[in-house]
There are 2 protein chains.
Amino acid sequence: MPSPLNDAALDQLFREARTYNAFLDKPVTTEQLHQIWDLMKMGPTSANQLPARIVWCTTPEAKERLAGHASDGNKDKIRHAPVCAILAMDIDFHEHLPWLFPHTDAKSWFDGDEEGRKVSAFRNSTLQGAYMILAARAVGLGCGPMSGFDNDALDKDFFADQPKWKSNFICTIGYGDEESVYERSPRPDFDTFNVIL
Amino acid sequence: MPSPLNDAALDQLFREARTYNAFLDKPVTTEQLHQIWDLMKMGPTSANQLPARIVWCTTPEAKERLAGHASDGNKDKIRHAPVCAILAMDIDFHEHLPWLFPHTDAKSWFDGDEEGRKVSAFRNSTLQGAYMILAARAVGLGCGPMSGFDNDALDKDFFADQPKWKSNFICTIGYGDEESVYERSPRPDFDTFNVIL
């Protein structure tokens, strides 16, 4: 039976981890991107849908192209980060269910129901986005997740050949610069947003 | 600078963790629910929105009431779990932003834009749901997240007094019974769903 993780691990994942607005001048390797994927892909999604699709922008050209779709306050964060991930979702994720969820015909649950697929892709790719953030922290990296960008413009630019891929959020990744962190915003007590029945 | 977590921690959070369909006959304490919240609340949400609202169903009566809204295959999983969490979202989360994000007037970004709030509440409460799953694993518990229930019926029953609270997903929590785990579904290689630019 598992025990609680030690305090250092809980601090690294949750309690001391922060959102970084800038990163140290130290590269993130392709191997680290694989490590993040190999952890995050293990997290649960409904019927193993795994609808997330990730474009890891690592070159100055890719980051500049992405920054062009971001809000003014986010452009430089993207340009100067070692990596910026586009966490997208495939609305046609169900086409992969015959091999991702092989023991039953889960594809048929979603055939012809694009509205239902949009909801499911949004929920499950977002779960995967959170797994990505915590996986990056687990391998010693820091994150700067952002929603401030033009989703439609990004999709037209990056996913012209994949019209069923839709951006969800973007996230800078690197070795966090502690100087770039804002003051911690308040976190509510249990009783504020929780009910026990 | 943080180092990667050790293999035992990565196994417990991601690699060896599984979705449980049943749990050992060992209670989950109120203190453990507080521990989960105190970890998950530290995870990042856009503008510190923290839109998740959680109803922890712990009594036979609460679990039976919840099971009444679940698909047939999920009813017994809920009834027999030590706890089943209803992970909901508050569409009017922006009313709390003056104290949750005090350094700017973030509430004004969302005033009058209920459609935008629905998207933001869905994305950010789902991130919090993933933090909840990984926080539960981090404190030594196991989870069984589920989407198979009637959201509207659940909301009418549980949130009659909170019409802006909407259920997102539900999740059983306890000490996982390894006998209840299905065969692991396939997980794709990096190149299947990732692109490096």
Side-chain angles (χ1 to χ4, degrees), chain A residues 1-5 9-10 12-15 17 19 30 33-34 37-44 46 48 50 52-59 62 99-102 120 122-123 126-127 129-131 133-135 137-140 145 147 168-169 175 185-188 190 193-197, chain B residues 1-5 9-10 12-15 17 19 30 33-34 37-44 46 48 50 52-59 62 99-102 120 122-123 126-127 129-131 133-135 137-140 145 147 168-169 175 185-188 190 193-197:
Chain A
M1 196 174 297
S3 314
L5 300 186
L10 297 178
Q12 181 168 331
L13 290 167
F14 293 106
R15 295 189 300 217
T19 289
T30 300
L33 303 183
H34 282 249
W37 175 252
D38 285 338
L39 291 171
M40 67 179 278
K41 74 181 182 184
M42 306 311 288
S46 181
N48 203 36
L50 292 163
R53 308 290 179 261
I54 310 179
V55 178
W56 306 90
C57 297
T58 65
T59 61
W99 68 273
L100 287 175
F101 203 61
S120 206
F122 191 24
R123 177 181 293 115
T126 304
L127 290 174
Y131 305 148
I133 291 168
L134 292 178
R137 291 174 173 180
V139 301
S147 296
N168 185 338
F169 66 91
Y175 290 92
S185 291
R187 292 301 197 278
F190 185 90
F193 291 145
N194 293 265
V195 178
I196 296 180
L197 290 186
Chain B
M1 195 174 297
S3 314
L5 300 185
L10 297 178
Q12 180 169 331
L13 291 167
F14 292 107
R15 296 188 299 215
T19 289
T30 300
L33 303 184
H34 282 248
W37 175 253
D38 285 337
L39 292 171
M40 67 180 277
K41 76 181 181 185
M42 306 311 288
S46 180
N48 203 35
L50 292 162
R53 308 290 180 260
I54 310 180
V55 178
W56 306 91
C57 298
T58 65
T59 62
W99 67 273
L100 286 175
F101 202 62
S120 205
F122 191 24
R123 176 182 293 114
T126 304
L127 291 174
Y131 304 149
I133 291 169
L134 292 178
R137 291 175 173 180
V139 301
S147 298
N168 186 338
F169 67 90
Y175 289 91
S185 291
R187 293 301 198 278
F190 185 89
F193 291 145
N194 292 264
V195 178
I196 297 179
L197 288 186

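Every chain is numbered from 1 and lettered A, B, ... according to where its sequence line falls, protein lines coming before strand lines. Because the structure is predicted, anything quoted here is derived from the model rather than measured.
With a 4.5 angstrom heavy-atom cutoff, A/Thr19 touches chain B only via side-chain atoms. For A/Ala52, the part lying near chain B is the backbone, with the side chain staying farther off; criterion is any non-hydrogen pair under 4.5 Å. At a 4.5 Å heavy-atom cutoff, the contact between A/Ala62 and chain B is made by side-chain atoms alone. Contact of B/Leu33 with chain A is made through backbone and side chain together, with heavy-atom distances under 4.5 Å. Both the backbone and the side chain of B/Ser185 have a heavy atom closer than 4.5 Å to some heavy atom of chain A. Heavy atoms of A/Tyr175 lying under 4.5 Å from chain B belong exclusively to its side chain.
Between B/Ile133 atom CD1 and A/Leu127 atom CG the span is 5.5 Å, to the nearest 0.5 Å. One distance of note links CG of B/Asn194 with NZ of A/Lys41; it measures 9.5 Å at 0.5 Å rounding.
B/Leu197 places none of its side-chain heavy atoms less than 4.5 Å from the side chain of A/Thr58.
Side-chain atoms of A/Trp37 never come within 3.5 Å of backbone atoms of B/Phe193 as a donor-acceptor pair (strictly under, hydrogens ignored). With hydrogens and angles disregarded, a donor-acceptor distance shorter than 3.5 Å links the side chain of B/Gln12 to the backbone of A/Ser3.
Ranked by non-hydrogen atom pairs under 4.5 Å with chain B, the options A/Pro145, A/Ala17, A/Ala135 are led by A/Ala135.
Ring-plane geometry between A/His34 and B/Phe190 is classed as parallel, the angle between the planes falling under 30 degrees on a 0 to 90 degree scale with a further cut at 60.
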For this session: Please step through side-chain contact (heavy atoms from CB on, under 4.5 Å) for the pair A/Tyr131 and B/Leu134, ending with a clear verdict.
Result: CA-CA 8 Å; A/Tyr131 305 148; B/Leu134 292 178; 3.8 Å; yes
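Looking at residues two or more places apart in sequence or on another chain, you find no salt bridge (charged side-chain N to carboxylate O under 4.0 Å, His left out) involving A/Arg137. Residues passing the salt bridge (charged side-chain N to carboxylate O under 4.0 Å, His left out) test with B/Arg187: none are found, sequence neighbours excluded.
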